[in-house]
There are 2 protein chains.
Amino acid sequence: MDVELITIGDEIISGHTVDTNSVYIAAKLGEIGLWVTYKTSVGDDLRRMEEVILQALKRADLVITTGGLGPTDDDITKRAIVKVFKRNLVFHEDVLEDIKKRYEARAIKMPSINQNQALLPQGAVYLPNKTGSAVGVVIVEGTKIFAALPGVPREMETMVAEELVPFLTGRVRQEHIRVIKLRTTGIIESALAEKIMPITKLPESIRLAYLPSYGGVDLRIVSFGPTKEMATAPAENMAKQIRELVGSYIYGEDNDTLEGVIGRLLKEKKETLATAESCTAGLLAGQITAVPGSSEYFERGVVTYSDRSKMELLGVSENIIRAYGAVSTQTAEAMATGIREKAGVDYGVAITGIAGPDGGTEEKPVGTVFIAVASAKTVKSKKFTMGGDREINRRRSVYTALEFLRRTILGID
Amino acid sequence: MDVELITIGDEIISGHTVDTNSVYIAAKLGEIGLWVTYKTSVGDDLRRMEEVILQALKRADLVITTGGLGPTDDDITKRAIVKVFKRNLVFHEDVLEDIKKRYEARAIKMPSINQNQALLPQGAVYLPNKTGSAVGVVIVEGTKIFAALPGVPREMETMVAEELVPFLTGRVRQEHIRVIKLRTTGIIESALAEKIMPITKLPESIRLAYLPSYGGVDLRIVSFGPTKEMATAPAENMAKQIRELVGSYIYGEDNDTLEGVIGRLLKEKKETLATAESCTAGLLAGQITAVPGSSEYFERGVVTYSDRSKMELLGVSENIIRAYGAVSTQTAEAMATGIREKAGVDYGVAITGIAGPDGGTEEKPVGTVFIAVASAKTVKSKKFTMGGDREINRRRSVYTALEFLRRTILGID
């Protein structure tokens, strides 16, 4: 069955907000074998909203909108629904009570405009909102299912996971899908493609996509079938073949992250970690600790932005900084060794570089980054040229350091 | 004139990639008075891609696609263009030369599949790609303009800014737009709306949107007009009225960020800053240093994840941690005072809390965060309940600490 997602709001089409809602919904629907075929965004414009919803109901069997259910004047989705489905708005006392309770719980007086949110299209099923005041609306007409969800990500996500998905499961014909994501790093998309080429003559029922990001290139295999088995076998077979060809670049699967994989390795080995950062200024520590329970192996981190702090917190000698500069192999290695010793951990990771836009030189242009990893045995460092703007250079440095660390822990180069 | 953006790729509709490209394009088009009216996303599916492009050419005057121009098999946008516009692909020697040069510059041998990228639809104008191998394609047919851009954000962004926007400027009728974004924090959307209500009876030519995010609620005023003056005056007048009503919640305008505003304040006052973080583990330092030149006022940061590191790096006494816990007012204040003294700076900011999912207690549930700011005069701290998951609690804590710091610097509560 065809599924269309419609995200509503001027902020979505005007270049002020990134739409993460449709990403979340598509992923959740995928888990029950529903495959999104179209995504449309439209502004807070009643006429165009009606037009887009009508078109979606023509070409898709399940239509889900997000946004425009708030209490404020620019939230007009319900007005569009009323027109499209030719239904009146009905006042729901119980919905208003829930909203009032929510405000009381936060010890805030409910603004009177929130009353609008208790008005729902006639005959609609409503989906409770556990984290906000805008309830969801579901209308079933013939073979078509229409759902309107709030635009605030947290509210929408809870509603999809706890209300919409259970509502849909069973009600819709499900095609089985098996998605396998192989996560690679340290190789560019087209080089990866050339290595995989021999096996990419694919049947209609299977798709291979290359998804490049700062962290590397993900290979996503999507396989469809009328039964679980018929969807699963081809996907797993292809994953096996790809591993044989490019396994050395694959650090994980599906929802694995570099920081998560590193966390698992450190827990297994009962080893610990500390970080010393200059240009990334805490982003490496922040990413390592995105993993729940990371306090088991992450002892501390320091952001040594000034030369003084490098000397005081890491014992980097003034001579090294004078002789080679704060951005150098020597300083990176001294930082890694320093944090490892001060923190008394197994691994010390250090990043020092020139994020930009200023501070570049002939010899060390913006994007030059030195990364070092110190372990009980050795301290190793590498020079990288990130070649992006300030933010990209900082992000790439974090991923590069994580991969450097992963390989050090595994003892591979 | 109506503008439609089409983002292409399974990864966009399948819940694996967030579409930031259309956000960037919409913002750039806005700068030359072009207003995006529709956004559509479709997978790597030739039939649907054709259908979506044809529909866009019907309802919009300018159609821009991103994605599917890469060298790999799943990149089929050019095949769709050839069918929609009934044109052949023509080989461009000069394009191939450029691609080869790019690989040589990186000392990588060009994979032969990149040759596909030198094939362009007959009669198309092509847009050079300064940062990648996929050139852009522009087709002008009658009053309609169609442009196909690569999907890799950096490549697309450079191409839009340096090639497409100059190409479009002048060629298209331009409506003038004035966008003013007032950035608020510390007040919820509906409370803000009630305060602003008196002035929100708006003419057709002006729009007010509420854009909530982790950092607060942005108020976006968009005003249209046939002349610059007729677009500008109403927007600025409304901004003035809103400032009179809710000015105390407004920390900045347009592209201002909390960290940027704080940076300006510290530079003006020639004051310096250091951070001590537990649950946010470097994300605060990372955000403060997202500002170019922040090394002028940011001296250092520490991520004291373990109790030992809190004592060693910040001089927090073991007694305080024993008596009140690592997550407490007393520890937060000791951390802020400690980092301020160790770093020898004007302001010390500290965050300690329970990000979750584990570690919560009856008395201090997940989401409990203590934030302290130490200055020459005093040390102040506050307890917050973030009420989200691990990531949300960490992000909210960072913004809350930044606003706490901003108010401390300005001497307001």
Side-chain angles (χ1 to χ4, degrees), chain A residues 10-11 13-20 23-24 26-27 30 36-42 48 70-74 111 113-114 152 154 189-191 193-194 200 207-212 220 281-283 285-286 289-290 292 295 298-306 309 357-358 388 390-391, chain B residues 10-11 13-20 23-24 26-27 30 36-43 48 70-74 111 113-114 152 189-191 193-194 200 207-212 220 281-283 285-286 289-290 292 295 298-306 309 357-358 388 390-391:
Chain A
D10 285 346
E11 68 277 13
I13 58 169
S14 66
H16 290 77
T17 298
V18 177
D19 164 34
T20 54
V23 174
Y24 177 87
V36 174
T37 33
Y38 302 93
K39 257 174 55 182
T40 308
S41 303
V42 63
R48 292 205 175 93
T72 53
D73 285 351
D74 57 314
I113 58 167
N114 283 89
V152 179
R154 269 182 67 213
E189 178 180 6
S190 56
E194 276 212 322
T200 49
R207 296 186 191 178
L208 176 66
Y210 296 76
L211 315 177
R220 201 186 63 246
L283 298 178
T289 54
S295 53
F298 183 75
E299 203 275 334
R300 76 180 64 176
V302 294
V303 179
T304 51
Y305 229 49
S306 65
S309 60
D358 307 319
R390 183 179 183 83
E391 201 215 333
Chain B
D10 286 346
E11 67 277 15
I13 58 169
S14 68
H16 289 75
T17 297
V18 176
D19 164 35
T20 53
V23 174
Y24 177 87
V36 173
T37 34
Y38 302 94
K39 259 174 54 182
T40 308
S41 302
V42 63
R48 291 205 176 94
T72 53
D73 285 351
D74 58 316
I113 57 166
N114 284 87
V152 179
E189 178 182 6
S190 56
E194 276 212 321
T200 50
R207 296 186 189 178
L208 176 66
Y210 296 76
L211 314 177
R220 201 186 63 245
L283 297 179
T289 54
S295 54
F298 184 76
E299 203 276 335
R300 76 181 62 176
V302 296
V303 179
T304 51
Y305 229 50
S306 66
S309 61
D358 307 318
R390 184 178 181 85
E391 200 215 334

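Per chain, numbering begins at 1; letters A, B, ... match sequence-line order.
Considering only heavy-atom pairs separated by less than 4.5 Å from chain B, the leading option among A285(A), P292(A), A191(A) is P292(A). When each of V152(A), T289(A), V36(A) is checked for heavy-atom pairs under 4.5 Å with chain B, T289(A) comes out on top. The candidate with the highest count of non-hydrogen atom pairs below 4.5 Å against chain A, out of P357(B), S41(B), G282(B), is S41(B). With chain A as partner, the option from T37(B), N114(B), D19(B) having the largest number of non-hydrogen pairs under 4.5 angstrom is T37(B). When each of S295(B), A290(B), G301(B) is scored by its heavy-atom pairs under 4.5 Å with chain A, the top score falls to G301(B). Contact tally against chain B (heavy-atom pairs below 4.5 Å) for E194(A), R154(A), R390(A), R207(A): the top residue is R390(A).
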| side chain to side chain contact (heavy atoms under 4.5 Å, CB included) between V302(A) and R300(B), intermediate numbers included | CA-CA 8 Å; V302(A) 294; R300(B) 76 181 62 176; over 6 Å; no
| task | Determine, stepwise, if the pair T40(A) / K39(B) fulfils side chain to side chain contact (heavy atoms under 4.5 Å, CB included). | result | CA-CA 5 Å; T40(A) 308; K39(B) 259 174 54 182; over 6 Å; no
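From Y305(B), atom OH reaches atom CD of E299(A) across 12.0 Å, with rounding to the nearest 0.5 Å.
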